[in-house]
Amino acid sequence: MANNKAPLRMCIACRQLLEKREMLRVVRSENKIFLDFTSKASGRGAYICDNPDCIKKLKKHRLLNKVFSCQVEEEIYNAIEEAYFGAK
């Protein structure tokens, strides 16, 4: 009998552990930052949950800049909002 547990990841905004498949992964790979919808791209990853407060906190405090130690374009933050909430 296999005891398969879902992998857990921490949201960079609320610091809550959630299942990996429930979260959006943002990747930094060779000075490119992009959204990884497959969760399989190579590179340094950061996870964000779908809580609207987390999305606001992510953008307000520029958390991706801190996680990746580099300047993250505004388009990435906007793409995250669109991925969760659609075009506004």
Problem - Same apolar cluster (I L V M F W Y, side chains within < 4.5 Å links), I55/V26 - result: yes

Problem - Between CG on residue L17 and CE on residue M23, distance to nearest 0.5 Å - result: 8.5 Å

Exercise for the section: For the residue pair S39 and K20, establish whether any side-chain heavy-atom pair is separated by less than 4.5 Å. Expected result: yes

Practice task
Could you check if a side-chain atom of C70 sits within less than 4.5 angstrom of a side-chain atom of I33, using non-hydrogen atoms only?
Solution key: yes

Handout entry: Donor-acceptor under 3.5 Å (R28 side chain, F68 main chain)
Key = yes

Handout entry: Side chain proximity check, R9 to E22, heavy atoms < 4.5 angstrom
Key = no

Handout entry: Electrostatic pair E30:K32 at N-O distance under 4.0 angstrom
Key = no

Exercise for the section: Flag the pair Y47 / L24 as yes when at least one side-chain heavy-atom distance between them is below 4.5 Å, and no otherwise. Expected result: no

Exercise for the section: Kindly compute the distance separating OH (Y84) from SG (C49), expressed to the nearest 0.5 Å. Expected result: 6.5 Å

Practice task
Could you tell me whether the side chain of T38 reaches within less than 4.5 Å of the side chain of R25, counting heavy atoms only?
Solution key: no

Handout entry: Which atom of F85 lies closest to which atom of P52, heavy atoms considered
Key = CZ-CA, 3.7 Å

Practice task
State, with a plain yes or no, whether a side-chain heavy atom of S29 is found less than 4.5 Å away from one of F34.
Solution key: yes

Exercise for the section: Please name the pair of heavy atoms, one in A41 and one in V27, separated by the smallest distance, quoted to 0.1 Å. Expected result: CB-CG2, 4.5 Å

Handout entry: Polar side-chain atom of Y77 near backbone of L64 as donor-acceptor pair, under 3.5 Å
Key = yes

Exercise for the section: Could you tell me whether the side chain of E81 reaches within less than 4.5 Å of the side chain of K59, counting heavy atoms only? Expected result: yes

Problem - Close side-chain approach of V67 to R44, heavy-atom, < 4.5 Å - result: yes

Completion exercise
Q71 meets the side chain to side chain contact (heavy atoms under 4.5 Å, CB included) criterion, sequence neighbours left out, with R62, N65

Exercise for the section: To the nearest 0.5 Å, tell me how far I48 CD1 sits from I80 CD1. Expected result: 7.0 Å

Exercise for the section: I would like to know whether K57 and N51 meet side chain to side chain donor-acceptor pair (under 3.5 Å); could you show each step before the answer? Expected result: CA-CA 10 Å; K57 183 177 179 180; N51 184 338; over 6 Å; no

